[in-house]
2 protein chains.
Amino acid sequence: MIETEIFRALADPTRHAIFRKLAAGAMNASALRQGMAISQPAMSQHLAVLRRARLVREERQGRFVNYRIDPDGLALVARWLAKYRDYWPARIDALKTVLEDMD
Amino acid sequence: MIETEIFRALADPTRHAIFRKLAAGAMNASALRQGMAISQPAMSQHLAVLRRARLVREERQGRFVNYRIDPDGLALVARWLAKYRDYWPARIDALKTVLEDMD
DNA sequence: CCAATACATAAGTACATACTTATATGATTC
DNA sequence: GAATCATATAAGTATGTACTTATGTATTGG
């Protein structure tokens with residue numbers, strides 16, 4: 001199940017940090033490493049896991065590979081969440097506000 | 001970070017199955033085991049992980065411990081998701097519909 | 001082409017984790 | 001209060017996973 005892969009991908013603090021960093025703006029693998037105390041192969045492996053989970057996308061640009069957030073993964077999390085609407089607390093403020101804005 | 005614990009908890013297929021089962025209705029640990037090919041200690045340990053992640057709540061009822069979905073965990077996932085609204089695809093239909101109904 | 005750069009893959013290792021069996025705790029019934 | 005039932009915890013083990021170093025592949029510039 002793809003959702004399991006998504007949750008597994010986000011369960012690792014390092015990968016979660018990479019995801020957050022990409023959310024602040026697309027960048028290549030080298031740029032991602034800046035200030036992260038992580039080896040090049042480790043970064044590459046983490047990005048592969050995030051890719052398989054559809055949380056990020058790659059786009060080759062010459063020698064560089066640019067990474068960006070993949071909306072598919074987020075959409076899958078949203079769908080997962082929607083399945084449990086019966087259990088949502090009365091106010092999920094942040095989310096509600098955001099979705100009102102979407103219209 | 002609590003979100004990491006939530007994702008970690010849901011990353012395991014067995015725990016995810018337990019969560020889904022509880023979403024269909026609260027029940028005690030023995031009932032949860034029905035049709036799941038899982039030992040009693042394993043179930044107990046999984047429930048402990050789900051509890052720590054705020055995905056389920058326990059309520060002792062005599063000899064039994066009744067488990068139910070904890071809305072807190074879901075709310076935290078919702079808040080996490082809301083942080084990345086910039087990357088949501090134009091239509092997260094399911095979620096949108098659900099939240100419209102909430103009003 | 002050849003060297004350099006950016007990234008991916010391979011293979012090995014240390015630690016995390018999901019399981020097991022055994023035992024403890026907590027609650028009910030006789 | 002002894003036996004029993006429901007669940008939790010302890011301790012050990014096998015597998016998974018996040019890292020390492022070494023090497024491979026793709027792209028560019030000289």
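Lettering follows sequence order; numbering is per chain, from 1. What you see below is based on every heavy atom in this structure, not just the backbone, and it leaves out hydrogens, waters and symmetry mates.
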Roughly, in whole Å, what's the span from [atom1] in [X] to [atom2] in [N]?
X        : N       : atom1 : atom2 : value
Gln40(A) : dT5(C)  : CD    : P     : 14 Å
Leu47(A) : dT9(C)  : CG    : C1'   : 14 Å
Arg33(A) : dA8(C)  : CZ    : P     : 12 Å
Leu32(A) : dA6(C)  : CG    : C1'   : 13 Å
His16(B) : dA18(C) : NE2   : P     : 14 Å
Ile38(B) : dT20(C) : CD1   : P     : 8 Å

Decide, yes or no, whether a salt bridge links Glu59(A) with Arg68(A) under the criterion of side-chain N to carboxylate O below 4.0 Å.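 A salt bridge links Glu59(A) with Arg68(A).
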Before accepting this row, confirm whether a basic side-chain N of the pair Glu3(A)/Lys83(A) lies closer than 4.0 Å to the acidic partner's carboxylate O.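 Lys83(A) and Glu3(A): salt-bridged.
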The criterion is salt bridge (charged side-chain N to carboxylate O under 4.0 Å, His left out); which residues satisfy it with Arg51(B), sequence neighbours excluded?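 In terms of salt bridge (charged side-chain N to carboxylate O under 4.0 Å, His left out), with neighbours along the sequence ignored, Arg51(B) is linked to Glu58(B).
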What ring-ring contact (aromatic ring centres under 6.0 Å, His included) pairs are there with at least one residue in residues 34-67 of chain B, not counting sequence neighbours?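 Qualifying pairs, neighbours excluded: none.
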Which label fits His16(A) and Trp80(B): parallel for a plane angle under 30°, tilted from 30 to 60°, or perpendicular past 60°?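 The arrangement is perpendicular - the two ring planes meet at more than 60°.
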What pairs of nitrogen or oxygen atoms, one from the protein and one from nucleotides 15-18 of chain D, lie under 3.5 Å apart?
| from | atom 1 | to | atom 2 | distance (Å) |
| --- | --- | --- | --- | --- |
| dT17(D) | OP1 | Arg8(A) | NH1 | 3.2 |
| dA18(D) | OP2 | Arg15(A) | NH1 | 3.0 |
| dA18(D) | OP2 | Arg15(A) | NH2 | 2.9 |

Residues in side chain to side chain donor-acceptor pair (under 3.5 Å) with Asp12(A), at least two apart?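 In terms of side chain to side chain donor-acceptor pair (under 3.5 Å), with neighbours along the sequence ignored, Asp12(A) is linked to no residue.
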Of residues 51-68 of chain B, the positions that come close to DNA chain D - non-hydrogen atoms, cut-off under 4.0 Å: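 Contacting residues: Arg51(B), Glu58(B), Arg63(B), Phe64(B), Val65(B), Tyr67(B).
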Side-chain donor-acceptor contacts of residues 18-29 of chain B below 3.5 Å, not counting sequence neighbours, with atom names and distances?
| from | atom 1 | to | atom 2 | distance (Å) |
| --- | --- | --- | --- | --- |
| Lys21(B) | NZ | Leu32(B) | O | 3.0 |
| Lys21(B) | NZ | Gln34(B) | O | 2.6 |
| Asn28(B) | OD1 | Ser30(B) | N | 3.1 |
| Asn28(B) | OD1 | Ala31(B) | N | 2.9 |

Given Asp70(B), which partner from the list Arg57(B), Arg54(B), Arg52(B) fulfils the salt bridge (Lys or Arg N to Asp or Glu O under 4.0 Å) test?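 Answer to the salt bridge (Lys or Arg N to Asp or Glu O under 4.0 Å) test with Asp70(B) among Arg57(B), Arg54(B), Arg52(B): Arg57(B).
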